[in-house]
Amino acid sequence: MSGETGLKPLVTTVFVPAAIFGIGQGAAAPVMALTARELGASVAVSGLIVAVVGLGAVLGDLPAGRIVARFGERRSIIGGSAVGATGVLVCLLAQTPWMLGIGALLTGLANAVWGLARQSYLADAVPIGLRARAMSSFAAMWRLGFFVGPLLGAAVILVVGARGGFMVQFVGVVLSGWLMSRVPDPPRRDPASVRGHATLPSILRRHRRLLATLGAGSLMMGAARASREAVLPLWAAHLGLDAAQVSLVFGVGAAVDLLCSYPAGHFMDRYGRRFIAVPSLLVIGVSYLALPFSHDLWSIGIVAVVMGIGNGVIMTLGADIAPPATRAEFLAAWRLTHDTGMFAGPFGVGALAAVVPLGAAVAAIGGAALLGAGLLFRFIPVYSPWPPPPVAEPDSSPLEKQEA
């Protein structure tokens with residue numbers, strides 16, 4: 001069975017909803033910091049409000065594994081979509097920076113549950129030989145939406161103002177949630193497993209070495225990728241660009257990100273995860289270091305393009321190392337490392353911007369990305385053809401056994 005044929009059943013049930021969800025996320029991403037500024041927040045506080053989305057994801061990761069394991073992917077997506085839609089409405093109606101922050105927190109909580117549910121679904125439903133292509137195709141469709149979102153958002157912003165991006169996001173969250181809710185949960189390969197008895201603390205203890213090494217690289221990648229949503233709008237505002245121009249810059253970067261997605265999955269299935277993961281963070285790190293040298297719409301657009309070339313592989317890595325018996329719970333712990341980075345990155349930008357020039361804060365994120373590239377190079381296991389050797393213990397992952 002070819003990769004393309006094997007992925008066709010997922011087109012209307014998974015990939016199209018991902019594109020719609022991405023449209024909403026892409027439309028809202030450039031305007032969160034700008035709305036905070038419009039409400040009177042300083043540059044530092046605006047960066048912190050963007051970081052609150054990541055904080056919500058971190059807090060959401062704590063219960064998300066148990067929620068998905070107990071209620072299944074379908075019902076988890078329905079609940080996550082309802083919370084996400086509420087959060088977007090709060091952002092849309094916010095009258096103070098603190099109210100905007102509450103909406104951002106709710107959005108992050110919903111993204112944690114929604115993201116874990118879709119990752120767990122693909123890990124269960126797709127053969128391991130197609131896993132990277134499935135995950136990358138999913139990411140490509142999300143990035144297609146993230147490319148269209150800022151362009152659509154820019155058009156709406158011109159009519160109704162900066163909060164038009166939140167209007168597009170609300171429609172995207174509701175529609176994508178409805179489409180994904182029609183998908184039945186995949187049959188469990190381990191119905192009598194210990195799923196119901198695993199807790200996040202026990203997973204963290206059991207896999208502490210893996211999470212402290214490879215997970216640290218995941219954290220750095222999360223920080224590097226999430227910081228774009230704070231850094232690009234704030235730097236563009238520093239240069240005097242308006243909200244519509246910022247949306248266009250995001251759209252250009254998202255287009256390059258989209259073009260890189262499926263080829264990245266193909267190369268990962270063929271040559272291994274390290275082949276893409278390490279260059280990804282190197283490229284992102286260099287782009288952050290270059291951003292302070294941009295001085296107009298065209299130069300910041302070039303930096304956004306370079307950022308788009310960096311293509312993360314965290315979803316695939318997490319699915320690879322997740323023990324089948326406790327997949328949802330382990331993925332919650334794995335996503336906690338990445339989402340902690342997604343919170344820490346924008347938070348660090350906002351905190352540093354309060355005491356040093358914005359350009360220095362941007363350079364610090366670039367340095368963190370380069371450090372993450374080194375960690376991934378060191379700790380991603382050497383690629384070997386699938387299928388991996390049989391797993392003797394239900395609570396150990398193939399890659400941990402390979403390291404033993």
Side-chain angles (χ1 to χ4, degrees), residues 16-41 46 49-54 56-57 77-111 113-115 141-181 226 228-230 232-234 236-237 241-255 258 346:
V16 170
I20 295 172
F21 189 83
I23 289 173
Q25 297 290 96
V31 302
M32 182 68 77
L34 298 177
T35 302
R37 294 285 285 151
E38 182 183 90
L39 293 173
S46 298
I49 289 175
V50 173
V52 167
V53 178
I77 286 171
I78 293 174
S81 298
V83 174
T86 301
V88 176
L89 280 178
V90 172
C91 291
L92 182 61
L93 301 175
Q95 298 300 310
T96 66
W98 296 111
M99 188 175 177
L100 182 67
I102 292 172
L105 181 67
L106 290 174
T107 302
L109 289 169
N111 288 348
V113 177
W114 213 95
M141 293 302 292
W142 183 87
R143 287 174 177 126
L144 174 62
F146 204 82
F147 165 63
V148 174
L151 303 179
L152 180 60
V156 177
I157 286 169
L158 289 175
V159 177
V160 301
R163 300 198 193 198
F166 294 129
M167 294 180 181
V168 177
Q169 185 183 24
F170 179 79
V171 174
V173 169
V174 172
L175 183 54
S176 62
W178 175 72
L179 290 172
M180 282 291 288
S181 71
R228 295 186 302 179
E229 297 184 11
L232 282 176
L234 292 176
L241 304 182
D242 60 31
Q245 289 174 314
V246 174
S247 285
L248 290 175
V249 168
F250 261 70
V252 170
L258 167 65

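These values consider heavy atoms only, across backbone and side chains, with no hydrogens, waters or symmetry-generated copies. This chain uses plain numbering: 1 for the first residue, then up along the sequence.
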Validation: residues 160-180 side-chain donor-acceptor distances under 3.5 Å, sequence neighbours left out:
unit_1 : atom_1 : unit_2 : atom_2 : d
Arg163 : NH1    : Leu92  : O      : 2.9
Arg163 : NH1    : Ala94  : O      : 2.5
Arg163 : NH2    : Ala94  : O      : 2.8
Gln169 : NE2    : Gln25  : OE1    : 2.9
Ser176 : OG     : Gly172 : O      : 2.7
Ser176 : OG     : Val173 : O      : 3.2

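- Residues meeting the side chain to side chain contact (heavy atoms under 4.5 Å, CB included) test with Ala236, sequence neighbours left out: Leu241, Val246, Ile300.
- Ser81 meets the side-chain hydrogen bond (donor to acceptor under 3.5 Å, both in side chains) test with Trp114; sequence neighbours excluded.
- Screening residues 27-36 for salt bridge (Lys or Arg N to Asp or Glu O under 4.0 Å), with sequence neighbours left out, gives no hits.
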Only distances under 3.5 Å count here; give the side-chain donor-acceptor pairs of residues 98-109 to other protein atoms, sequence neighbours excluded, each with its distance to 0.1 Å.
unit_1 : atom_1 : unit_2 : atom_2 : d
Thr107 : OG1    : Gly103 : O      : 2.9

Check: residues 33-41 side-chain donor-acceptor pairs under 3.5 Å, at least two apart:
unit_1 : atom_1 : unit_2 : atom_2 : d
Thr35  : OG1    : Val31  : O      : 2.7
Arg37  : NH1    : Ala41  : O      : 3.0

